Number of protein chains: 4
Amino acid sequence: MAPNAARRSESSRKAILAATAELCGENGYARLTIEAIAARAGVSKKTIYRWWPSKGAVVLELLDQTATIAIEPPDSGDLATDLRTLLTEVIGMLTPPETSPGIGLIAEALHDPDLARELRERLIRPRIATFKQRLRRAQDAGQLSPDADLDVALDLLYGPLYHRMVFHLGMPDPSYLDSLIAHTLRALTPPRH
Amino acid sequence: MAPNAARRSESSRKAILAATAELCGENGYARLTIEAIAARAGVSKKTIYRWWPSKGAVVLELLDQTATIAIEPPDSGDLATDLRTLLTEVIGMLTPPETSPGIGLIAEALHDPDLARELRERLIRPRIATFKQRLRRAQDAGQLSPDADLDVALDLLYGPLYHRMVFHLGMPDPSYLDSLIAHTLRALTPPRH
Amino acid sequence: MAPNAARRSESSRKAILAATAELCGENGYARLTIEAIAARAGVSKKTIYRWWPSKGAVVLELLDQTATIAIEPPDSGDLATDLRTLLTEVIGMLTPPETSPGIGLIAEALHDPDLARELRERLIRPRIATFKQRLRRAQDAGQLSPDADLDVALDLLYGPLYHRMVFHLGMPDPSYLDSLIAHTLRALTPPRH
Amino acid sequence: MAPNAARRSESSRKAILAATAELCGENGYARLTIEAIAARAGVSKKTIYRWWPSKGAVVLELLDQTATIAIEPPDSGDLATDLRTLLTEVIGMLTPPETSPGIGLIAEALHDPDLARELRERLIRPRIATFKQRLRRAQDAGQLSPDADLDVALDLLYGPLYHRMVFHLGMPDPSYLDSLIAHTLRALTPPRH
DNA sequence: TCTTAAACGAGACGGTACGTCGGGTCTTAGG
DNA sequence: CCTAAGACCCGACGTACCGTCTCGTTTAAGA
């Protein structure tokens, strides 16, 4: 067998992600450039392009590593509390709007289907699963109407976040969050008779 | 009295917007360039920069002129029908995702607060007002709970659109739209007792 | 007389030349622009282009008005003194090198034959005539060799000025000037035998 | 040892100088642009700006490479012949006036001291040295007056070239050249007694 | 332990587009 | 008709990044 190839440099990888985080925090995603990342990380551009296809992919990996949102759904016993927990974690990823890598990534994904797919698969889908698990448990316990559409529930709860983000309306404050959750639960709850 | 200034050329303005529409349709917002607009419109770059601060501003004006969504709220008698009408019109503005000026504009607005404000004021706010008028009429007629939060209603109905757009999930099909509206109305309707 | 057509505005002409002089003195000929002249003079660009074909032509007219070099040849009795007088006046027109309209004009004339011709006819030729008159008088008086070529004399005396100007060598100081004149006179003087 | 930097591309350098020579010959120095050079050479503008500060610097390098004027002074035995040889070579560099890079460079140097210095150091000074060597040899041989000022001699011989060039008078023809040299030598020759 | 092929830093390269400047022409309204 | 104001088309400017491509230089696996 041929002598093995040299291996990827872990220290470069770390330096690149660190530089990306710094620069994104300093200037925002839109002003982030591969050139600047390479310079800050003390790395050649080639090294970046060797391992990532685009700026977005680098940021995605950064976000993937940074994301702290639990994969395990919370279960405090109270559904509303748990939903608030989950929403709050997502809001954290989209804050502050000016320099959040998350928002930049979303903007990029809007005209980059490949990146969008990656984003969906690696970051979003696991959290959606978490969210649905929690809802299904509630449904099984009879807290939600048996015919409630959980996909709609996802849209009803997370949609408003993106809606507000798009128009720079600021992220929902706690009381608005409560109102949002209350309305949504009402939509999912079996009508009393 | 001082002699008057030279006037803005209406024909240039039209040519620029037309070129923008064409190019956006051909290559999508992300690949749209001021250079290309100028070339296609037979106009100098200077003329574009004289009247618009950025590519986004041009597209915004284009969209503003193109938007056909009624300012007057529809009133067919059936609330669900009217809401579906409004949502459908918004969906039209965001379709097709690859070449829609609307989606490009939203992506840009995500890291351009000035553009976001303009977008909100000139395009979105009037339609929100329309939407709320229709809801308030329903509320007055007792079709909605008197304490229903109309801001939340807005988020519940429009939020999902952005949510799906962000992740390239495709716009809701009619049956999904019905489900969405039904759930939302349930959230806004006084519980039967 | 008929209530006549509007005539060329003398005040505009003066303002334009004044602005040109100021700006040339401030930034040098190379950074002089028609735009700036128009703005400073409170005049429209059109008005400048109506009366002058180019920046060079404006500066030429400015120089023409400003030139103080006597058309009448000096005659102090001493030929060397008079030549020094004439040379000194030309040097004055080419000083300071950074902001002298004269040097700028010369640079422009190097690739603008039309301007070069104008420059020759309006500014240079009269001074050449003056110069030659003085030399011819000396020749008639037997101070110069009867077969001395006065065209060569012109080149010998004025050529060095341009030579030094081109290479930013600084204009000749008085003692160098004396040496130059002495050598030239020797070239023009009948050899003693 | 530090890893080496990427090396300058010799082929680009040659293509740039070749394109410059062509374009200058076609349209003249004044209409020469960096854009056109880059396009003709199949090179990016950045590559030009990376290695030269201005259009003038490119042309200077071109001229430097092209210049064929001997550094070794000619010595045919006859001083006048050798001077004519030297002058003729300089005239060649300034011909034809419309498209000669040399003249364009001189025009530019008139308002660019940096370029003027480069021009002086790299192109002119070596030829001046050549010129003076030849004169000094003649002086040592007693053909010139021991107190003749060789700097003045330089001005007397080369000055007229620039003088005529400036006013588009055409370069001296051979007979004029002879007259010029004859007069100059007379100025430098010990008076016979 | 030595070989060797890959990954690496550095950064030059051909490009595309940027946003700005000034040129010279044209239009509008006032005097 | 001349003028001030200034918009217009045009073309070049010099800059910023893109993504690709050598260059030598580590460096770590396997022979």
Side-chain angles (χ1 to χ4, degrees), chain A residues 1-9 11-13 15 31-39 41-51 53-55, chain B residues 1-9 11-13 31-39 41-51 53-55, chain C residues 3-9 11-12 15 31-39 41-51 53-55, chain D residues 1-9 11-13 15 31-39 41-51 53-55:
Chain A
M1 198 202 251
N4 250 4
R7 289 285 187 253
R8 175 169 187 179
S9 155
S11 69
S12 289
R13 201 188 127 269
R31 270 187 285 280
L32 187 63
T33 65
I34 298 274
E35 300 250 350
I37 295 173
V43 141
S44 91
K45 287 200 289 174
K46 181 97 189 202
T47 300
I48 299 182
Y49 284 111
R50 191 164 9 237
W51 303 110
S54 67
K55 170 174 89 161
Chain B
M1 194 202 260
N4 253 4
R7 292 277 190 256
R8 176 169 187 180
S9 156
S11 68
S12 289
R13 203 189 125 266
R31 270 186 286 282
L32 188 62
T33 309
I34 298 274
E35 298 250 352
I37 295 174
V43 141
S44 85
K45 285 200 287 176
K46 179 100 185 206
T47 297
I48 299 181
Y49 284 113
R50 186 157 23 229
W51 302 110
S54 68
K55 171 174 89 160
Chain C
N4 52 359
R7 286 275 187 268
R8 174 169 186 181
S9 155
S11 69
S12 288
R31 270 186 285 282
L32 188 63
T33 65
I34 298 274
E35 300 250 348
I37 295 173
V43 141
S44 91
K45 285 202 287 176
K46 180 94 189 201
T47 300
I48 298 182
Y49 283 112
R50 195 171 356 246
W51 303 110
S54 68
K55 171 174 89 162
Chain D
M1 195 201 264
N4 255 1
R7 292 270 191 261
R8 175 168 187 180
S9 156
S11 69
S12 289
R13 203 189 124 267
R31 270 186 284 283
L32 188 62
T33 63
I34 299 274
E35 298 251 353
I37 295 173
V43 140
S44 85
K45 285 199 288 175
K46 179 90 189 210
T47 298
I48 299 181
Y49 285 113
R50 186 158 22 230
W51 301 110
S54 67
K55 171 175 87 160

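Just so we're clear, the structure is a prediction, and the values are computed from it rather than from any experiment. So that the names make sense, note that chain A is the first sequence line, chain B the second, and so on, each numbered from 1.
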Can you tell me if C/T47 touches the phosphate of F/dC2, counting only side-chain N or O atoms and a distance under 4.0 Å to OP1 or OP2? no

If you check the D/S12 side chain, which of E/dG14, F/dC8, E/dA12 turns out closest? E/dG14

Return no unless some side-chain N or O of B/R7 is found under 4.0 Å from OP1 or OP2 of E/dT27. no

Reading nucleotides 15-22 of chain E from 5' to 3' and marking B where a protein heavy atom lies under 4.0 Å of the base, S where only the sugar-phosphate is that close, and - otherwise, the string is B-SBBB-S

Would you kindly give the CD1-to-P distance between D/I37 and F/dG14, to the nearest whole Å? 11 Å

Round to the nearest Å and state the distance from D/I48 atom CD1 to F/dC13 atom C1'. 13 Å

Side-chain N or O of A/W51 closer than 4.0 Å to phosphate OP1/OP2 of E/dA6: no

Side chain to side chain contact (heavy atoms under 4.5 Å, CB included) with B/R31: which residues, sequence neighbours excluded? B/N27

Side chain to side chain donor-acceptor pair (under 3.5 Å) partners for C/K55, two or more places apart: none

Rounded distance (nearest 0.5 Å) linking atom CH2 of B/W51 with atom CZ of B/R8: 5.5 Å

Holding to salt bridge (Lys or Arg N to Asp or Glu O under 4.0 Å), I want the full list of residues that pass it with B/K45, two or more places apart in sequence or in another chain. B/E35

Just to verify, what does A/S9 make a side chain to side chain donor-acceptor pair (under 3.5 Å) with, not counting sequence neighbours? A/S11, A/S12

Return the set of residues passing side chain to side chain contact (heavy atoms under 4.5 Å, CB included) with C/A36 (not counting sequence neighbours), or none when no residue passes. C/L23, C/T33

